[in-house]
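First the structure, in the form of structure tokens, and then the observations on it.
From a predicted model like this one, the values you see are computed outputs, not experimental measurements. Just follow the structure's listing: the first ligand is 1, and inside any ligand the first atom is 1.
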Amino acid sequence: MPQTMSTTSSYLRIRPQQFQFESDSQSSLLRRAFQRYMKIAFLQPLPPNEPAAAVDPSAPKPHVIGNLTSLFFQIDNPNTDLRLGMDESYSLSIRATPQPVAFVHTKEIWGALRALETFSQLIDARADGFFISEAKIIDFPRFSHRGILVDTARHYLTMDTLLQHLDAMAYNKFNVLHWHIVDDQSFPFVSLTFPNMSLFGAYTQRHIYTPEDVSKVIEYARDRGIRVIPEFDTPGHASSWKSIPNLLTPCYGPNNIPNGNFGPINPIVDSNYEFLAVFFSEIKKRFPDAYVHLGGDEVSFSCWASNPDIQDFMVQKGFGKNFALLEQYYETRLLQLVEKVGLRYIIWQDVIDNKVKVNPNTVVQVWRSSPSYKSELKRVTSLNLKTILSSCWYLDLIGYGRDWEGYYRCDPQNFKGTTAEKNLVFGGEACLWGEYVDSTNFLERMWPRASAIGERLWSSAKVNNVDAALPRIDYHRCQHHIRRGIRAQPVNGYSFCQAEYN
Ligand SMILES: CC(=O)N[C@H]1NC[C@H](CO)[C@H](O)[C@@H]1O
């Protein structure tokens, strides 16, 4: 839902063969977007040879007063970086009188992409043609970080799934793909510096993302105004990093000999920080975004506590039995080496909960839903740290019925904070963890449940009435997902699409 939108009951017909997007900008990204949306905006609304009568006879016949033949884009500054804080605002005006004219004005090219998506969603595709009403829209996102976490480590996601997902993200104006690319269970990311990591860490050599795959995802996302932020989660969730000698902590059994298991990254081995510095300097080369996600969640202390060398280290450092201090020691050194590499970072809230001192640019991702995410938001923002919320939006946790309503009601700034603290919450992410998700069910489990979060993160906080949203998310599922080839599951107990998924 745009920030401001007014329409009239005067319609213009669009004949795709006599319509084009136009701009003075020479941007190749914009040209590709124009080509893409000429297809998307004018997809046949109904299965072929469907009798026109199938169109809902009660729907009011549009009052057509002319033909629209072009949509002109004026972009003030076409060559801009894809970045946190990029300008995605736009105005869209469609007028029928004195003669049909349609016009978009944006500051940056990213607003042009968002305007194209809105324009495509305004088109009323009927059996007897394509129509669009007069409209005046002034729009911009409420939050600048509107992300989706995908997990390619618990189960592998095919490139086709990832690219379809990026298409759907664009249909919902998301702008960050948080690629949780590796974890305990597998390491599908092919490192150029340390090829053994995927050689020994991937499920098989087919369950990998080659450098070409990674570049393809980054370019495909960029074309849609979507940043790609990879997550390399340490010191926990790193069992698959086992090919790096001495990296993981050897766990000890009760008789003080190694029991063959390995735990979190070993924080007392200095060469591990040298490895991490080299690894993250590769990451900086491979991913253009200024931010990387360093994880830091769910570090289990039991293996560290079982290791006699670590026990000695804790005594030397005066940490006693407080392993949160050892995690602080690790995180402090990690954040320093990553900063030295020239990357900014996002971390899970656990790092803050363990009282690690972080760089003021740090972004904290709040994900736990207990004791209360609202008190966590207060705690993190009172440290003057930028924050994104995920707690309400764990799409991997499934139940029965319209769970999207809860996602829709959750507002990231709805906590007891000062205005300044609330403004530090600059967005959020839906998370679809991969424990029970792979390419057979990723898209239908993601969409359109994530659409409710997309509107929460783009639209005004005042757009929050679930009853008003129900028919819109239902329509959005059919017209902008199913019709565009995205397998999106039902959001309503009973409904149908003009063109069902075949
Ligand atoms: C930050 C975070 O969420 N960490 C773990 N918590 C539970 C999730 C499943 O719901 C995943 O296992 C995830 O790896």
Side-chain angles (χ1 to χ4, degrees), residues 145 147-157 176-189 201-203 207 229-242 248 262-265 291-303 324 327 330-331 334-335 345-354 356 358 362-377 379-380 385-400 403-404 406-407 410 412 425 427-438 441-442 445-446 449-450 453:
H145 186 112
I148 295 188
L149 177 148
V150 301
D151 170 359
T152 55
R154 279 57 180 264
H155 285 92
Y156 182 77
L157 293 174
V176 176
L177 177 76
H178 172 168
W179 194 354
H180 187 90
I181 190 165
V182 298
D183 205 296
D184 284 325
Q185 291 79 7
S186 77
F187 197 102
F189 173 75
Y203 283 136
H207 297 83
I229 298 180
E231 179 180 350
F232 290 93
D233 193 351
T234 70
H237 287 275
S239 311
S240 65
W241 301 42
K242 57 195 173 196
L248 301 180
F262 290 88
I265 286 183
Y291 282 84
V292 68
H293 199 301
L294 298 176
D297 59 310
E298 299 182 323
V299 183
S300 151
F301 295 155
S302 55
C303 185
E327 182 177 356
Y330 172 81
E331 287 293 345
L334 173 71
L335 301 187
Y345 42 77
I346 305 176
I347 44 169
W348 295 108
Q349 67 177 74
D350 311 47
V351 176
I352 301 303
D353 297 350
N354 281 313
V356 177
V358 296
T362 303
V363 173
V364 182
Q365 186 160 6
V366 172
W367 67 277
R368 293 179 184 275
S369 44
S370 61
S372 135
Y373 74 84
K374 295 187 181 180
S375 53
E376 185 70 17
L377 286 172
R379 180 192 342 190
V380 176
L385 293 171
K386 286 209 290 280
T387 307
I388 53 177
L389 178 67
S390 287
S391 308
C392 316
W393 301 322
Y394 267 40
L395 300 183
D396 54 305
L397 308 180
I398 55 177
Y400 180 80
D403 53 3
W404 63 268
Y407 306 150
C410 178
V425 182
E429 292 187 358
C431 300
L432 182 57
W433 292 101
E435 278 86 349
Y436 295 95
V437 176
D438 69 8
N441 62 347
F442 175 90
R445 189 159 296 187
M446 176 70 77
R449 292 159 81 219
I453 301 154

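In this structure, the ring pair (Phe, Tyr, Trp, His ring centres under 6.0 Å) partners of Y156, at least two apart in sequence or on a different chain, are H207, Y209.
The shortest distance between side-chain heavy atoms of P235 and E331 falls below 4.5 Å.
Protein residues having a heavy atom under 4.0 Å from any atom of ligand 1 are R154, H237, D297, E298, W348, W367, Y394, D396, W433, E435, listed by chain and number.
Comment: D350 engages R368 in a salt bridge, judged by a side-chain N to carboxylate O separation of less than 4.0 angstrom.
The backbone N or O of D438 sits less than 3.5 Å from a side-chain atom of N441, completing a donor-acceptor pair. Distance alone, capped at 3.5 Å, is enough to place a donor-acceptor pair between the D233 side chain and the G296 backbone.
H293 and W179 have their aromatic ring centers separated by at least 6.0 angstrom.
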